[in-house]
Amino acid sequence: MSGIDNYTKSKKLGEGTYAVVYLGTQISTNREVAIKEIKTEGFKDGLDMSAIREVKYLQEIKHPNVIELIDVFSDSKQNLNLVLEVLPSDLEKILRDKNIVIGGVDVKRWLLMLLRGVYHCHRNGILHRDLKPNNLLMDRLGNLKIADFGLARCLSQPDEKLTSNVVTRWYRAPELLFGARHYTGAVDVWAVGTIFAEMMLRTPYLPGSDDANQLVITIQALGTPTEEMWPGVSHLPLYNNLTIYPVPTRNELRRRFAAASDNALTLLEGMMILNPSKRWTCEQALMSTYFVEEPTP
Amino acid sequence: MVELDWDNVPKDLCPVCKTDKYLSPEIQFKINPECYHKICDACVDRIFALGPSPCPYPNCDKILRRNKFKAQVFENLIVEKECDIRRRVISVYNKKESDFQTIEMYDKYLEEIEDIVFNLLNKMDIEETENKLKQYSIDNKQSIELNNARKEQEYEKFIKLQKLERQYKSERNRINSEIMEEEKNLKNLSKVQIIDQLQNASIDKDPEEILETIRNNTIEKMNRFRSQLDKLEVKYRKQKDAIKRNLNANDIKNENKSKIPFTPFNGDRMIELPFKKSDNYRDPFYSKLEEDIQFIASGFKINEFYERSLNAAFSGFECIISNEKESSTVI
């Protein structure tokens with residue numbers, strides 16, 4: 001049994017601009033699933049781009065820290081349906097709920113799972129390009145899974161230009177803010193870094209009110225990139241004369257993240273190096289001593 | 001009327017309302033850690049009812065609040081003051097001997113605590129010392145919280161042990177008194193019995209033998225109580241150990257955990273690539289990109305591209321699609 005006959009839809013869980021999510025059951029295994037029905041009405045050019053991207057990349061990736069795409073089928077109304085695993089919570093909800101106490105171990109565990117998932121995407125040549133707490137779902141056992149591959153893309157030929165208008169603003173890397181067109185996995189690492197900071201602070205680390213303000217906040221927090229530390233930065237399309245802010249010293253960071261250990265700060269600094277070619281890769285981040293020190297994840 | 005000497009207030013007199021212990025024995029003195037001037041309870045309520053007010057002592061301009069007043073524990077105010085300061089310092093400097101590698105380091109740490117207490121008590125370099133204290137509490141925020149939690153746990157353990165000991169002691173006393181009671185009974189009973197039996201004794205029964213059986217009886221009963229006591233002792237020991245172990249359970253768990261080696265990649269990582277990578281590939285088109293400032297500034301690395309391409313080419317080698325099709329679900 002496959003396709004539409006294998007699933008029942010029961011409750012509506014939520015609705016977005018381009019999809020409705022239902023709770024359902026896979027009849028053959030009696031497993032609970034989430035069914036994402038992509039709306040086709042209203043799109044005269046056919047399917048929405050992000051739906052195609054989501055299917056394309058999710059069926060490539062199978063990893064404990066990436067949401068599982070169980071099946072895809074089209075129903076009687078010719079709507080595309082994605083069958084995904086049920087993940088009841090997300091990181092944003094957890095961080096905002098002040099009744100939940102988050103310890104150092106939790107942060108470490110989540111960061112580890114996030115990095116493992118991102119590492120898996122990157123080694124398969126896939127950029128997620130929209131990492132944020134809202135897109136990091138949690139299952140009932142507390143496992144973190146990366147979801148929403150609507151903005152993901154494959155790294156292909158180097159001469160192709162990529163759009164710099166990706167990633168939710170607060171998690172956008174500096175090279176994207178400067179309008180770079182040939183960025184790499186480093187943009188995802190930056191997002192992971194800001195999420196790490198957000199997990200420790202429990203409030204967004206760099207909440208810009210608009211794109212220009214985002215850049216100002218970013219350089220206020222992490223210093224202004226100079227040609228010296230980031231060769232070529234002034235040639236990027238959106239680079240204008242910037243106020244020079246100093247790069248924060250270790251002590252300033254320590255004051256900002258009072259509960260963080262030195263290893264945690266080294267990792268954070270590594271993931272938030274302004275120059276994308278010097279920024280740590282997922283591999284480097286996973287090898288950080290932060291994960292080996294007490295408390296162990 | 002004799003003017004009161006404010007610098008040397010009599011022991012049992014409230015300098016504000018002039019009530020003394022002789023006439024009103026229920027008077028209670030309170031002090032405020034701001035200035036350590038003693039005032040009676042009624043005056044505290046009256047003067048500070050409407051919020052913070054200055055200290056009623058002349059030449060003391062400290063503004064005091066009612067909720068900071070506390071009962072005086074020590075008669076000597078200097079001792080009282082030192083205890084307060086010490087309590088404050090210790091709440092921040094709360095490491096234990098086991099936290100240090102050598103005894104010398106621990107001694108140094110204690111010395112530091114004493115220095116701070118001494119400085120604060122004698123008002124020497126107050127600002128500098130306060131800053132030091134504050135800096136230490138910021139630097140060691142995490143370990144301070146941890147140590148406080150540990151202290152609380154230890155206190156809990158102590159309370160539990162104390163309760164257990166009390167239970168054990170009362171139980172032991174009960175059994176002991178029972179033994180004594182029984183002994184007394186037996187003595188009386190045996191006297192009666194001996195006389196009884198000796199009276200009815202026939203010639204073939206040896207009085208020695210009768211006495212022997214009775215003595216055996218007594219000893220047997222005593223032994224029964226003794227063994228009961230032993231059992232109680234064993235039970236108490238066990239429970240005590242259990243409480244001690246229970247609170248160390250966290251440590252044991254940690255030991256077990258560390259036996260599983262930590263793998264950052266969850267074992268899912270290809271350290272050795274299936275191909276040999278050269279540092280330099282000649283590609284007339286892509287090599288140009290290495291010098292393009294737009295590419296450099298975006299963080300693009302040509303080697304990453306080569307590696308990715310090779311990876312894509314090689315990673316299909318060990319996949320047999322027909323096998324995968326059979327085993328996997330429909331996608």
Side-chain angles (χ1 to χ4, degrees), chain A residues 2-3 6 59 63-65 69-73 104 112-113 115-116 119-120 123-125 155 157-159 162 164 173 175 178 180-187 230-237 239 254-255 258-261 275-279 283 285-288 291-292 294-297, chain B residues 135 137-146 149 250-251 253-271 273 283 285-313 315 324 328-331:
Chain A
S2 76
N6 198 3
Q59 64 178 352
H63 188 271
N65 299 120
L69 179 67
I70 301 160
D71 203 350
V72 182
F73 63 86
L112 181 65
M113 292 190 279
L115 277 170
R116 279 175 182 162
Y119 168 71
H120 187 76
R123 69 172 170 178
N124 287 306
L155 283 167
Q157 296 306 310
D159 49 333
L162 289 76
S164 59
E175 65 265 33
F178 289 134
R181 309 298 303 269
H182 305 282
Y183 50 83
T184 59
V187 297
W230 182 352
V233 62
S234 56
H235 295 86
L236 287 172
Y239 185 94
R254 205 173 282 147
R255 226 164 296 144
S261 70
N275 182 353
S277 16
K278 287 190 191 141
R279 199 174 303 148
E283 209 165 351
L286 278 168
M287 306 282 270
S288 157
F291 293 113
V292 210
E294 286 289 317
T296 45
Chain B
Q135 192 56 43
S137 73
I138 292 168
D139 290 347
N140 297 284
K141 199 173 167 192
Q142 214 173 15
S143 78
I144 288 169
E145 273 168 24
L146 208 73
N250 290 336
D251 302 344
K253 249 187 233 156
N254 280 342
E255 265 170 40
N256 285 346
K257 240 191 240 160
S258 60
K259 274 177 198 156
I260 306 163
F262 169 72
T263 49
F265 295 86
N266 216 359
D268 183 14
R269 181 192 182 202
M270 207 188 277
I271 295 171
L273 296 170
D283 185 325
F285 181 69
Y286 289 135
S287 297
K288 269 196 308 210
L289 302 180
E290 261 186 300
E291 274 109 58
D292 189 322
I293 196 83
Q294 287 294 329
F295 278 80
I296 294 170
S298 301
F300 179 83
K301 285 175 195 148
I302 191 77
N303 273 337
E304 273 178 18
F305 166 65
Y306 289 141
E307 188 176 329
R308 204 169 58 237
S309 309
L310 283 166
N311 226 340
S315 54
E324 274 196 12
S328 74
T329 48
V330 221
I331 280 194

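Here is the naming used below: chain letters follow the sequence lines, and residue numbers restart at 1 for every chain.
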Between [X] and chain B, which part of the residue has a heavy atom less than 4.5 Å away: side chain, backbone, both or neither?
| X | value |
| --- | --- |
| A:Tyr119 | side chain |
| A:Leu155 | both |
| A:Leu286 | both |
| A:Arg181 | backbone |

### Query
Quick one: of A:Arg254, A:His120, A:Arg123, who has the most non-hydrogen atom pairs under 4.5 Å with chain B?
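Most heavy-atom pairs within the cutoff with chain B belong to A:Arg123.
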
[X] versus chain A, heavy atoms under 4.5 Å apart: side chain, backbone, both or neither?
| X | value |
| --- | --- |
| B:Glu304 | side chain |
| B:Ile296 | both |
| B:Phe265 | both |
| B:Phe300 | both |

Please round to the nearest 0.5 Å and tell me the distance separating atom [atom1] of [X] and atom [atom2] of [Y].
| X | Y | atom1 | atom2 | answer |
| --- | --- | --- | --- | --- |
| A:Phe178 | A:Trp230 | CZ | CH2 | 5.5 Å |
| B:Ile302 | B:Lys288 | CD1 | NZ | 11.5 Å |
| B:Ile138 | A:Arg255 | CD1 | CZ | 8.0 Å |

### Flag side-chain contact, heavy atom, 4.5 Å: A:His63 against A:Arg116
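Heavy-atom side-chain distance check passes, below 4.5 Å.
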
Shortest non-hydrogen separation from [X] to [Y] and the atoms involved:
| X | Y | result |
| --- | --- | --- |
| A:Tyr183 | A:Ala180 | CD2-O, 3.5 Å |
| A:Glu175 | A:Pro276 | OE2-CB, 3.4 Å |
| A:Thr184 | B:Gly299 | CG2-O, 3.5 Å |

